[in-house]
2 protein chains.
Amino acid sequence: MAGEDIRNMLDVDRLVHEPARLAIMTILYTVEAADFLFLKRQTGLTKGNLSSHLSRLEGAGYVAIEKTFEGKIPRTICRLTDAGRKAFEDYRDWLKNAIKSTESKQK
Amino acid sequence: MAGEDIRNMLDVDRLVHEPARLAIMTILYTVEAADFLFLKRQTGLTKGNLSSHLSRLEGAGYVAIEKTFEGKIPRTICRLTDAGRKAFEDYRDWLKNAIKSTESKQK
DNA sequence: CAAACCGGTTTGCAATACAAACCACACTGC
DNA sequence: GCAGTGTGGTTTGTATTGCAAACCGGTTTG
């Protein structure tokens, strides 16, 4: 029944659903670890924006942030936690379900 | 290059991206026309919430709303406009691209 | 030592998702 | 006929947000 699929659409992890964070998590899922500036370049986000999204992901326990020094310049290294990895995979399932719902029963 | 796909993620129609509205539009895409209460039952949204989302979709020109009377009881009939249909299909493309991006290059 | 740059964080604000309150009208019991 | 209940919504209030601009501690450059 389509009603079920429709309800599932509403049940989405909004933390991952936000496009900026989805982009961040997609990168982190594939590269395993990335520093702040790499993420900034890849996503095209402003640094303020990127910073606050990373903080949110860290607060949710989806991303681990490690601050080190590379010689004298600070370096912020981000990686997905297990929970983040799980959340990302769940979101991927949501995407697949959404595709299915949007494609079934079209005239 | 993955950078391109990542940027595309950020370029999404937020009007459709919102889960509640995606659910509404998905229904309207398949059934062609639906009244307020049918949408309410199918989505499980509260009427206030449904009303405001419909208003927004109407404001964007994605949904046409026609108010009639069925005997003495008011009836609000909603249907996707051509623009709405286009926006929906574009969003479906976004979904496909997102799936692709989230699945490529995983280790 | 002043100015500019680097790598971010915090602040301020406009937009928005949601439910509760509200509203107009129809019907029902008394 | 008029209190009370139901129907079919809209409007209001609020807490959360995404975003960029302003800021900040340190470093390099002139």
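Quick note on labels: first sequence line is chain A, next is B, and so on, each numbered from 1. These numbers come from a predicted model, not from an experiment.
No salt bridge links A:R75 with A:E66; every basic N to acidic carboxylate O contact stays at or beyond 4.0 Å.
Here A:H53 reaches the OP1 or OP2 of D:dC19: one of its side-chain N or O atoms lies under 4.0 Å away. Taking 4.0 angstrom as the limit, B:R21 places none of its side-chain polar atoms (N or O) nearer than this to OP1 or OP2 of C:dC18. Under 4.0 angstrom from either OP1 or OP2 of C:dC6 there lies no side-chain N or O belonging to A:R75. OP1 or OP2 of D:dG18 has at least one side-chain nitrogen or oxygen of A:R56 nearer than 4.0 Å. Neither OP1 nor OP2 of D:dG18 sits under 4.0 Å from any side-chain N or O of A:N49. When the side-chain nitrogen and oxygen atoms of B:R14 are compared with OP1 and OP2 of D:dC19, one or more of them lie within a distance under 4.0 Å.
Residues A:L39 and A:L54 have side chains in contact (heavy-atom distance under 4.5 Å, counting atoms from C-beta outward).
In this structure, A:I24 places its CD1 atom 13 Å from C1' of D:dC19, rounding to the nearest Å. Rounded to whole angstrom, the span from the CG atom of B:L50 across to the P atom of D:dT11 amounts to 14 Å. Here the P atom of nucleotide C:dT16 and the NE2 atom of A:H17 are 15 Å apart, to the nearest Å. Distance CG (B:L22) to P (C:dA17): 13 Å, rounded to an integer number of Å. In this structure, the CZ atom of A:F69 is 16 Å from the P atom of C:dC6, given to the nearest Å. The distance from atom CD of B:E70 to atom C1' of D:dG8 is 13 Å, rounded to the nearest whole Å. Atoms NZ (A:K67) and P (D:dG26) sit 14 Å apart, rounded to a whole Å. Rounded to whole Å, the distance from NZ on B:K40 to C1' on C:dA19 is 12 Å.
If you check D:dC19, C:dG7, D:dG8 against the side chain of B:L37, the one that comes closest is D:dG8. Checked against D:dT10, D:dC19, C:dT9, the side chain of A:E18 finds its nearest nucleotide in D:dC19. In this structure, of C:dT9, C:dC18, D:dG8, it is C:dT9 that holds the atom nearest to the side chain of A:S51. For B:P74, the listed nucleotide lying nearest its side chain is D:dG8; candidates were C:dC18, D:dG8, C:dG7.
At least one donor-acceptor pair closer than 3.5 Å links the side chain of B:S55 to the backbone N or O of B:S51. Between the side chain of B:T81 and the backbone N or O of B:A64, no donor-acceptor pair lies under 3.5 Å.
Toward the 5′ end of DNA chain C lies the nearest nucleotide of A:K47, the other residue of the pair A:K47 and B:K47 mapping further downstream. Each of A:L45 and B:I73 lies near DNA chain D, and the nucleotide nearest B:I73 is the one positioned closer to the 5' end.
In the hydrophobic clustering of ILVMFWY residues, with side-chain heavy atoms under 4.5 Å counting as a link, A:L37 and A:M25 come out together.
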